[in-house]
J.: 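The structure follows.
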Amino acid sequence: MEQTFSSKAYLDMELLRFTTAGSVDDGKSTLIGRLLYDSKSIFEDQLDAVKRASIQKGSEHLNLALFTDGLRAEREQGITIDVAYRYFATPLRKFIIADTPGHIQYTRNMVTGASTANAAIVLIDARNGVIEQTHRHAFLASLLGIPHIIVCINKMDLMEYRQDIYQSILDEFQLFANQVFPEQDMRFIPISALHGDNVVKPSVNMPWYSGGTLLHHLETIPISQDHDLVHPRFPVQYVIRPESDEFHDYRGYAGRVAGGFFHPGDKVMVLPSRIETEITSVDTLTGPLTEAHPPMSVTLTLKDDVDLSRGDMIVGVDDIPAESCDISAMICWMNPKPMQLHGRYALKNTTRDVKCLIQDIDYVLNISTLEQITGATVVKMNDIARVQLRTTKPLFCDPYTTNRITGSIILIDEASNETVAAGMIV
Amino acid sequence: MGNNKLTHLKELEAEAIYVLREVAAQFERPVLLFSGGKDSIVLVHLSLKAFYPARIPFPLLHIDTGHNFPETLEFRDRLAETVNARLLVGSVQESIDKGRAVEEKGINASRNVLQTVTLLDAIEQNKFDAAIGGARRDEEKARAKERFFSHRDEFGQWDPKNQRPELWYMFNGKKRMGEHFRVFPISNWTEMDVWQYILAENIDLPSIYFTHERDVFYRDGVWLAAAPFMEMKPSEKIEFRRVRCRTVGDISCTGLTLSFADSVEDIIQEIAATRVTERGGRYDDKRSEAAMEDRKKEGYF
């Protein structure tokens, strides 16, 4: 926290959301604690509380992991149970960390954290090298379309900061990555979260590495292209009808731009009616705008009186999404109660609510071997599977790799109301 | 193609507006929990933006402990009138009079915990199915695990170990009869974000956020306001000091900061230099390591 603080600079900062994935004891909480501590984002009372707790537990060092422990059961068991969100800022960017647990049974939380992230940190314990969990984490990060993956090889201090150890882990990981996601932007950093090497400060113990600290990468990764800026997509979220004297006939379509640009005068098509019309205005409380783009929340008014409500979509007239009841998707099952072939679930896609039937399970994926196991009739918790869905009403959707908003779905069990699966449209 | 960058504050604003619209779209009887504090004032401002040019489509609910700073109440009434919103007040005193809640005794007595009873009663009586709150994940460790849409069972309880996964921006507001949701549109904002937003949007605040002179006393590292219902130890003495509130809650647990800050700019400089978290001055959080977690499980804000 600087003594002189510039509000102007603060208002110019960008937002980067990142997620962290690692197995138990990879030092993930310590890494986040280190980022917060070295970037001076820890307050005195938090530091005091952690100092007290460290002493009480008999820790030798200040236990940085305690900065991120939230729930009582987590402190007692020394593990992370649920996604926790952390915040810090440097003069360049504000960061939101989705701190997700690495245990196999909590994969659903990792997928949760990954779904909105611009970047993922995958942690590898230098003593153990690439293990099955590493494959799972990296694969999930890539499957969820996280644009940037930063592989941190941690606990280098326990391996005498040896370059050959780092290089062999990097090579092994690269082999896997080339097979699974050759296009993915990846960076590798040797670190010691415990001692702070290459986290915020460059390491004096690893002069052979010159690729920049973790914080440097987080501050400089380009993020402006992370949204779909090509295909105009505006899922209608809520219809605004003031019914007041001043705005007697006003009818505005409120929503968050999911793709492309919208301007007054643009020719658009409304789905599902396929009527062509024109945008009259892009409204906000502080006055009309000349342009809207992702991820802005605005209200559009249209030239013609069309039938349009929540769950419908306004799209570019020459660039319309697929409209179909037959959906192929990669899903991650997140509930202890397995998915059944021919099971029925509620489905959400953008603001659209439909029901669906699991028509077919193409395969369940073994993430470690990438083997596609066919003939499955159930999909269990933490399984990744490719499925065919049949919806009661058509979806207006793009492939997930094109648009993370219009290309994603969730499934809900109608008996328990629980969210049971995350899906990426293929 | 134009400039497609949003600053982080604009992105957080867009996210909060999106969440507020989801509430209006998914629930039949939402309500905005209004404390008179800056976070709930920002929520009202965001709600105006979300539904313009229509009115805010939900009422404001204030849980009144009866131990409020009078400035907060005046501000509350004026704001509700300005934005043309319906204001409901749930009275903790009434809950005590009816025997629904029992007043705490002793030196650290506070009505803060009792608010939960009044809040849950108000939710049940009015059949509210979503209560929008200004809680932020950076405030406290239990809150760091909150979802935007946080499910509460028919007893108003939170089950932190069994929360619904929240993916992308698709919020699952499905529930059974008698259950409700707590919704936190500014989950991802920090204290600094809130103040910068107040500055950028020129949002009006109650006067107690700014420096003023007041009778105060010092207890366990926190300055508290002297008031007739505040029991004091013999060793504690009243002093007349220049202070301001960093957060605004019930008088019995709101810590005051010695400060000369009389503008939002001053406050921002003060926060940038300060080394203690906002809730560090909250007496209610100091009761135990898991004080907030326990209150939240019972149905606290």
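First the proteins, then the strands, lettered A, B, ... as listed; each starts at 1.
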J.: Can we say B/Arg164 and A/Glu418 salt-bridge, meaning some charged N sits less than 4.0 Å from an Asp/Glu carboxylate O?
T.: no
J.: Which bit of A/Asn349 comes within less than 4.5 Å of chain B, counting heavy atoms only: side chain, backbone, both or neither?
T.: backbone
J.: Select one option (side chain, backbone, both, neither) describing which atoms of A/Thr284 are under 4.5 Å from chain B's heavy atoms.
T.: backbone
J.: Centroid-to-centroid, B/Phe148 to B/Phe184, below 6.0 Å?
T.: no
J.: For residues A/Ser416 and B/Arg176, is any side-chain donor paired with an opposing acceptor at under 3.5 Å?
T.: no
J.: Given the side-chain rings of B/Phe27 and B/Phe181, with only the six-membered ring counted for Trp, is the space between their centroids under 6.0 Å?
T.: yes
J.: What residue in A/Leu144, A/Ile405, A/Val298 has the most heavy-atom pairs under 4.5 Å with chain B?
T.: A/Val298
J.: Need one label for A/Thr350: side chain, backbone, both or neither, based on atoms under 4.5 Å from any heavy atom in chain B.
T.: backbone
J.: Can you say whether A/Ile96 sits under 4.5 Å from chain B via the side chain, the backbone, both, or neither, judging by heavy atoms?
T.: side chain
J.: Given heavy-atom pairs under 4.5 angstrom as the criterion, report whether the side chain, backbone, both or neither of B/Glu22 touches chain A.
T.: both
J.: Using a 4.5 angstrom heavy-atom cutoff, name the option from B/Arg21, B/Lys175, B/Glu15, B/Lys10 with the most pairs to chain A.
T.: B/Arg21
J.: Do B/Phe260 and B/Phe210 have their ring centres less than 6.0 Å from each other?
T.: no
J.: What part of A/Tyr250 gets closer than 4.5 Å to chain B, counting heavy atoms only: side chain, backbone, both or neither?
T.: side chain
J.: Quick check on A/Ala346 against chain B: is it the side chain, the backbone, both or neither that has a heavy atom closer than 4.5 Å?
T.: side chain
J.: Go through the atoms of B/Phe171 and report whether side chain, backbone, both or neither lie under 4.5 Å from a heavy atom of chain A.
T.: backbone
J.: Applying ring-ring contact (aromatic ring centres under 6.0 Å, His included), run through A/Tyr345 and A/Trp333 and close with a yes or a no.
T.: CA-CA 13 Å; A/Tyr345 300 94; A/Trp333 196 255; 5.5 Å; yes
J.: What are the two closest heavy atoms between A/Val111 and B/Leu167, and how far apart are they?
T.: CG1-CD2, 3.6 Å
J.: Using non-hydrogen atoms and a 4.5 Å limit, figure out which bit of A/Ile409 sits close to chain B: side chain, backbone, both or neither.
T.: backbone
J.: A/Arg17 versus chain B, heavy atoms under 4.5 Å apart: side chain, backbone, both or neither?
T.: side chain
J.: Non-hydrogen atoms of chain B under 4.5 Å away: do they reach the side chain of A/Lys94, the backbone, both or neither?
T.: side chain
J.: Just by distance, no angles: are the side chains of B/Glu201 and B/His45 close enough, under 3.5 Å, to form a donor-acceptor pair?
T.: yes
J.: Are the side chain of A/Thr19 and the backbone N or O of A/Ala98 linked by a donor-acceptor pair below 3.5 Å?
T.: yes
J.: Minimum heavy-atom separation for B/Glu179 and B/His151, please, with both atom names.
T.: OE1-NE2, 2.9 Å
J.: Specify which of B/Pro57, B/Ala200, B/Ala54, B/Ser187 makes the most heavy-atom pairs with chain A at under 4.5 Å.
T.: B/Ala54
J.: Checking heavy atoms, do the side chain of A/Met334, its backbone, both or neither come under 4.5 Å from chain B?
T.: side chain
J.: Tell me, for B/Glu265 versus chain A, whether the close heavy atoms (under 4.5 Å) come from the side chain, the backbone, both or neither.
T.: neither
J.: Side chain, backbone, both or neither: which part of B/Ala16 has a non-hydrogen atom closer than 4.5 Å to chain A?
T.: neither
J.: Counting only non-hydrogen atoms closer than 4.5 Å, does B/Arg137 touch chain A with its backbone (N, CA, C, O), its side chain (CB onward), both, or neither?
T.: both
J.: Would you mind checking which part of A/Val420 comes under 4.5 Å of any heavy atom in chain B, side chain (CB onward), backbone (N, CA, C, O), both or neither?
T.: neither
J.: Check whether A/Ser297 reaches the backbone of B/Ala14 with its side chain - one donor and one acceptor, N or O, closer than 3.5 Å.
T.: yes
J.: Counting heavy-atom pairs closer than 4.5 Å to chain A, which one of B/Ala50, B/Pro165, B/Pro53 comes out on top?
T.: B/Pro53
J.: Using the benzene-type ring in the case of Trp, are the ring centres of B/Trp189 and A/Tyr85 under 6.0 Å apart?
T.: no
